[in-house]
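The figures that follow rest on heavy atoms only: side chains count, while hydrogens, waters and symmetry mates do not. Residue numbers begin at 1 in each chain, while the letters A, B, ... track the order of the sequences.
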2 protein chains.
Amino acid sequence: MEYTVKKLAALAGISARTLRYYDELGLLKPARISSSGYRIYGQKEVDTLQQILFYRELGVELERIKEIITSPEFDMTSALIEHREKLLAKRKQLDILIANVERTIAFAEGRTQMSDKEKFEGFKQNMIDENEKKYGEEIRKKYGDEKVDQSYRQFKNMTKEEFNKWQELEKQIKETLKEAFLTGDPSGELAQKAADLHKQWISCSWGSYSKEAHAGLAQMYVADERFREYYDKEQLGLAEFLRDAILIYTGMKEK
Amino acid sequence: MEYTVKKLAALAGISARTLRYYDELGLLKPARISSSGYRIYGQKEVDTLQQILFYRELGVELERIKEIITSPEFDMTSALIEHREKLLAKRKQLDILIANVERTIAFAEGRTQMSDKEKFEGFKQNMIDENEKKYGEEIRKKYGDEKVDQSYRQFKNMTKEEFNKWQELEKQIKETLKEAFLTGDPSGELAQKAADLHKQWISCSWGSYSKEAHAGLAQMYVADERFREYYDKEQLGLAEFLRDAILIYTGMKEK
DNA sequence: CTTGACCTTTACGCAACGTAAAGGTGTAAG
DNA sequence: CTTACACCTTTACGTTGCGTAAAGGTCAAG
């Protein structure tokens with residue numbers, strides 16, 4: 001299939017000017033020029049344009065895109081896989097923004113508290129990592145946490161001490177779990193310690209404890225993406241690892 | 001709390017230049033100017049900036065944003081609700097793009113066919129609404145859901161039938177629960193039906209079932225915000241209501 | 001053979017800042 | 001006390017990714 005500027009533009013949902021501009025930059029040259037000077041694009045150009053638009057969507061500058069796709073090491077398939085990852089990350093950021101707007105609505109209606117910092121959650125691009133690295137926990141402690149904790153405690157109707165213990169346990173579980181994950185053995189000492197910490201953790205919020213409930217929740221950690229993501233975003237496979245550790249801990253699984 | 005340019009910029013994840021530019025445009029004026037000529041922002045400005053960034057995120061021009069937020073009919077809460085809708089629409093578009101990149105990967109590997117038109121699905125902006133109106137659920141079913149479901153199924157290692165049942169149950173639980181919520185009685189017939197559906201639901205992903213596990217999970221529904229939000233975003237208090245219904249269903253609570 | 005929808009190049013315009021330049025301010029440490 | 005340094009100010013020009021004319025050539029249909 002061959003396309004003129006207007007036709008390719010219509011197909012891709014961009015303007016003809018954009019295509020001429022891309023030609024001018026040397027980013028996307030037409031396959032050939034017709035006898036009357038018209039730009040004619042072919043199959044290869046269609047695919048390249050798709051790549052360009054993926055990069056553009058992700059906020060890459062046109063000059064940089066040119067460098068990337070004209071590089072001899074450029075591989076279509078691995079580029080696509082990278083696009084996928086980046087798009088998923090973008091979606092996560094969007095999810096944070098949506099959570100933000102929902103929280104802000106609740107705040108406007110007086111249903112909850114909200115710190116100034118929380119009001120801008122999800123806007124920052126890669127600032128997320130930067131902030132974490134630069135200031136570590138400090139900023140969060142200073143502005144956000146006390147208020148946030150307050151509202152969480154309300155829901156969990158815990159005392160401040162109970163809540164602190166709960167939070168501390170959560171941190172310990174994650175740390176122990178990540179360390180245990182490196183051993184690869186869910187029946188090992190570290191993994192079993194994580195499972196024990198996890199038992200204490202759920203005992204905090206449930207009044208009681210039972211092996212069955214614990215094992216059941218472990219299953220849920222893998223089955224339900226709300227939980228799975230929470231652990232897997234730290235380390236892929238961590239949710240599954242925790243499940244196995246708990247199943248062994250509760251005696252629901254051998255070895 | 002009062003902020004200088006740099007501090008507010010850091011809070012919101014933008015540059016100081018941007019704040020000065022917004023001042024220049026008359027989009028966001030500081031609350032006052034210090035004796036030495038410094039811009040000082042207050043609480044009101046923080047909230048306005050949040051609004052501005054929501055609009056900016058949605059691609060609205062600064063001049064237009066100025067018109068909107070300085071309009072006498074401007075209502076914060078309804079604006080936020082609109083933001084939420086737009087952001088959800090944006091997420092839908094992103095989902096289409098993600099489905100596109102996944103399809104393109106499959107195409108590059110020769111696992112499927114793909115038309116030129118399909119290669120640009122998800123790039124176009126307002127095409128979203130058009131697509132929704134024109135094809136309704138069809139496109140999503142065809143491209144989006146199937147791929148998404150596939151990856152979920154992998155993690156849950158369910159067959160397609162099991163997965164469909166699981167999804168169907170989830171929908172029924174929500175519907176029944178919302179209806180039951182209106183009666184206000186967690187021991188009533190509808191609420192108990194929801195609890196029973198919920199039992200079936202967890203039986204799908206856990207191999208087994210126990211009352212203790214079920215009751216434990218119910219506690220977690222209120223204690224853990226990951227779960228709580230899932231139900232409370234439908235209707236505030238729904239998570240708590242479900243917990244009570246399940247506790248009664250499992251005989252862990254009287255009345 | 002004319003009309004209208006396409007195509008061409010050239011060129012200026014614009015939004016939303018980034019990036020210096022040149023200078024004043026605030027405060028903590030030597 | 002002053003010196004350093006991180007902040008603040010205004011002014012002003014630069015950049016990216018196009019939009020939008022202007023002035024003209026091309027092509028298929030009626």
Chemist: Dump the intermediate steps for salt bridge (charged side-chain N to carboxylate O under 4.0 Å, His left out) on B/Glu24 and B/Arg20, then the final yes or no.
Modeler: CA-CA 6 Å; B/Glu24 191 187 325; B/Arg20 292 199 194 95; over 6 Å; no

Chemist: Would you tell me if any nitrogen or oxygen in the side chain of A/Ser15 comes within less than 4.0 Å of OP1 or OP2 on D/dC18?
Modeler: no

Chemist: Whole Å only: how far is the CG atom of B/Leu19 from the P atom of C/dG18?
Modeler: 11 Å

Chemist: Hey, could you give me the CG/CD distance between A/Leu25 and A/Glu63, rounded to the nearest 0.5 Å?
Modeler: 6.0 Å

Chemist: From the options C/dG18, D/dC8, C/dA16, select the nucleotide whose nearest atom is closest to the side chain of B/Thr4.
Modeler: D/dC8

Chemist: Would you give the length of the straight line joining atom CZ of B/Phe123 to atom CD of A/Glu57, rounded to the nearest 0.5 angstrom?
Modeler: 6.5 Å

Chemist: With rounding to the nearest 0.5 Å, note down the distance linking CD1 in A/Ile40 to CD in A/Glu45.
Modeler: 11.0 Å

Chemist: Should A/Tyr21 be listed as having a side-chain N or O under 4.0 Å from OP1 or OP2 of D/dG19?
Modeler: no

Chemist: In this structure, how many angstroms lie between the P atom of C/dA15 and the CD atom of B/Glu24, rounded?
Modeler: 12 Å

Chemist: Round to a whole Å and report the spacing from CZ of B/Arg17 to P of D/dT10.
Modeler: 11 Å

Chemist: List in numerical order all residues of residues 43-51 of chain B for which some heavy atom is under 4.0 Å away from an atom belonging to DNA chain D.
Modeler: none

Chemist: From CD of B/Glu2 over to C1' of D/dC8, roughly how many Å is that when rounded to an integer?
Modeler: 16 Å

Chemist: Between C/dC17, D/dT10, D/dC18, which nucleotide gets closest to the side-chain atoms of A/Arg56?
Modeler: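 Of C/dC17, D/dT10, D/dC18, D/dC18 is nearest to the side chain of A/Arg56.
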
Chemist: Taking atom P of C/dT8 as reference, at what distance in whole Å does atom CG of A/Asp23 sit?
Modeler: 9 Å

Chemist: To the nearest Å, give me how far apart CD (B/Glu57) and P (C/dA16) are.
Modeler: 14 Å

Chemist: Out of D/dT9, C/dA16, D/dG19, which nucleotide sits closest to the side chain of B/Leu62?
Modeler: C/dA16

Chemist: Could you state the atom-to-atom distance from CD1 of B/Ile65 to C1' of C/dA16 in whole Å?
Modeler: 11 Å

Chemist: Distance from A/Tyr55 atom OH to A/Lys66 atom NZ, nearest 0.5 Å?
Modeler: 16.0 Å

Chemist: Taking 4.0 Å as the cut-off, does a side-chain nitrogen or oxygen of A/Tyr22 come that near to OP1 or OP2 on D/dG17?
Modeler: no

Chemist: Heavy atom of residues 26-40 of chain A under 4.0 Å from DNA chain D: which residues?
Modeler: A/Ser36, A/Tyr38

Chemist: For A/Glu61 and D/dG14, give me the distance from atom CD to atom P, rounded to whole Å.
Modeler: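 It is 18 Å, rounded to the nearest whole Å.
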
